[in-house]
Amino acid sequence: MKQLTILFSLLFFISGHAQDNYLGDGPYSQLIIRGVTLINGDGSPPRGPIDIVVENNKIVSIEVVGYDGIPIKDEDRPKLKTGGHELDANGMYLLPGFIDMHGHIGGVAQGAEPEYVFKLWMAHGVTTVREPSGRGIDFALDLKNKSEKHEIVAPRIFAYTAFGQTSSTFNPLNDAPITTPEQARAWVRANAQRGADGIKFFGAEPEIMTAALDENKKLGLRSACHHAQLSVARWNVLNSARAGLTSMEHWYGLPEALFTDRTVQDYPLDYNYQNEQDRFEEAGKLWKQAAPPYSEHWNTVMNELIALDFTIDPTFNIYEASRDLQRARRAEWHEDYTLPSLWKFYGPSKISHGSYWHYWGTEQEIEWKQNFKLWMTFVNEYKNRGGRVTVGTDSGFIYQLYGFAYPRELELLREAGFHPLEVIRAATLNGAEALGWDDKIGSVQIGKLADFVIVEENPLANLKVLYGTGAIKLTDDNKVVRVGGVKYTIKDGIIYDAKRLLADVKAMVDAEKAKTNWKLKQPGVED
Ligand SMILES: [Zn+2]
């Protein structure tokens with residue numbers, strides 16, 4: 001039996017991964033989704049039963065068809081037209097499609113190819129991704145195009161080019177590094193012409209950042225920045241926001257904007273940024289060097305960022321291994337869904353980015369737990385005062401797996417103090433606003449596109465039902481079962497069976513394992 005399974009897996013692999021070229025079902029001239037409880041992305045409470053009518057890829061009606069616990073009268077429901085399609089989702093929960101504001105489409109070092117990543121995302125209800133251009137703008141634009149035409153199973157892609165990046169076909173400066181404001185402006189114009197949706201910055205000299213952000217804003221494009229420690233002493237988050245940056249990634253550069261009794265991080269004198277353990281260990285002591293919560297400076301900086309309509313995309317999950325390495329390393333989905341190459345990449349390494357476990361122990365984790373508390377306090381209060389917070393994952397590093405990291409990020413926003421409805425809004429409408437697409441996606445509203453997540457359990461009561469592996473439950477008759485996991489992901493009016501996509505991923509992983517008879521092994525454990 002086992003050998004048969006391996007044989008089949010191999011066959012699937014040889015035939016190009018996808019078991020049968022499954023591209024979802026639809027779009028339909030008319031699609032009626034029947035009997036759902038709607039959890040919208042706008043902060044409104046759940047309401048149902050509701051029938052949602054979609055024509056091609058547009059929501060045309062959202063009809064309340066009854067009352068809780070009362071049988072629905074058929075005559076009160078929207079009518080199916082010829083050629084129309086019904087989806088019976090009676091008793092299920094429907095949410096707007098999820099938006100991941102920080103999604104790398106795999107990576108060469110990780111051995112993670114787009115199909116693997118896309119299916120993991122789509123299996124977790126992620127219908128839109130902002131790609132911070134890890135693999136080049138041409139690579140991202142090609143996939144964006146194929147996704148738009150439904151030639152592949154993939155979320156809608158917003159491609160943000162890494163600032164200064166050149167490639168064989170995108171070469172605005174003949175490979176010269178950007179050293180003058182004029183070059184920065186020229187690069188930004190060429191990037192817009194190329195068709196990119198925005199720019200991902202990592203920090204640069206102040207005059208370069210000023211020029212690039214100004215030019216990008218003039219062109220009406222959006223931007224994101226991971227404020228790398230190398231530049232934050234001269235240019236922190238507040239400088240960026242004032243110059244026109246529209247969103248920040250992670251958290252670096254924010255404590256620096258909050259310093260009151262220093263101007264640089266308290267680096268140990270033998271620190272080396274090229275040493276990943278130095279980098280991540282010292283970062284864990286950074287928030288406590290900033291102004292304390294609710295102090296005058298903390299308030300002033302927060303209020304100015306909010307006044308600038310600045311978006312924070314915290315990506316909490318990608319740092320979680322820092323406060324609990326075992327949790328991230330032993331997550332139950334690694335067994336079936338993590339590729340051998342990815343597992344190898346995650347292991348302790350002086351080279352792989354984020355594989356900083358040279359000697360990670362109790363002391364480092366305790367520092368990070370405190371770091372998280374201060375960081376979460378800032379992000380939750382930012383939300384309370386009207387600031388925009390979004391959901392981003394940054395998977396493919398630090399034991400965080402594509403797709404599975406998404407519900408984890410939702411749980412961490414919950415831990416930060418968000419009401420589950422605020423969590424869902426961060427995942428949907430806030431992301432749409434930050435992308436400048438809130439007139440098309442982000443909530444279930446007449447006229448918007450048909451991007452939905454459908455799940456059998458109530459995700460507000462337990463966000464864990466959004467994990468592909470579901471949530472564990474002991475039933476009334478004493479059986480241990482798994483409930484949840486997204487049932488259907490609908491993107492552009494096309495219905496995808498989320499569990500089938502997950503099965504595809506498992507087949508890909510099995511095929512890779514079969515090649516070398518590979519078994520998942522924890523680091524440092526002998527056979
Ligand atoms: Zn990233």
Side-chain angles (χ1 to χ4, degrees), residues 98-114 116-118 120-121 124 126 128-137 139-141 143-144 155 157-165 167 191 196-204 222-232 237 240 245-254 273 276 279-280 283 311-322 328 342 345-346 349 351-356 375 379 389-406 408-409 412-413 426-427 431 434-435:
F98 293 148
I99 299 172
D100 189 334
M101 292 292 283
H102 197 123
H104 295 281
I105 308 174
V108 177
Q110 289 91 338
E113 287 309 308
Y116 171 73
V117 176
F118 288 154
L120 281 167
W121 280 337
H124 285 88
V126 175
T128 299
V129 161
R130 184 175 68 168
E131 147 79 0
S133 249
R135 299 177 79 167
I137 189 63
F139 185 87
L141 286 177
L143 292 166
K144 173 190 172 93
I157 296 165
F158 285 81
Y160 280 38
T161 320
F163 178 62
Q165 180 200 74
S167 69
N191 180 55
D197 296 294
I199 303 174
K200 161 84 178 285
F201 291 92
F202 289 91
R222 310 269 165 151
S223 49
C225 185
H226 165 167
H227 293 81
Q229 292 307 109
L230 297 171
S231 300
V232 290
V237 166
S240 280
L245 182 78
T246 62
S247 68
M248 67 172 285
E249 303 305 290
H250 318 307
W251 56 284
Y252 309 110
L254 190 50
Y273 188 72
E276 291 280 311
R279 233 167 117 170
F280 282 86
T311 299
I312 297 184
D313 187 41
T315 70
F316 285 127
N317 79 93
I318 199 64
Y319 299 94
E320 200 186 15
S322 306
L342 190 50
F345 180 85
Y346 291 146
S349 164
I351 296 166
S352 302
H353 175 49
S355 298
Y356 46 88
W375 178 19
V379 171
V389 177
T390 55
V391 173
T393 56
D394 202 10
S395 300
F397 303 94
I398 321 182
Y399 289 111
Q400 293 302 326
L401 185 57
Y402 310 97
F404 286 92
Y406 200 88
R408 187 60 197 151
E409 185 67 16
L412 289 166
L413 286 169
L435 291 167

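Counting starts at 1 for both ligands and their atoms, following the listed order.
- Inclusion of H250 in the first shell of the Zn ion (ligand 1) is not supported: no N, O or S atom falls under 2.8 Å.
- At a threshold of 2.8 Å, the Zn ion (ligand 1) has no backbone or side-chain N, O or S atom of H226 nearer than that distance.
- Using the six-membered ring where Trp is involved, W251 and W375 have ring planes that are tilted, between 30° and 60° apart.
- In this structure, H104 and H102 have perpendicular ring planes: the angle between them is above 60°, well past the 30° mark.
- Here D394 meets the criterion, with an N, O or S atom under 2.8 Å of the Zn ion (ligand 1).
- Here the two rings, on F397 and H353, have centers that are under 6.0 Å apart.
- Ring geometry for Y319 against Y252 counts as perpendicular: the plane angle is over 60°, on a 0 to 90° scale with 30° as the lower cut.
- Take the Zn ion (ligand 1) as the corner point: the lines to NE2 of H104 and to NE2 of H102 open at 100°, to the nearest 10 degrees.
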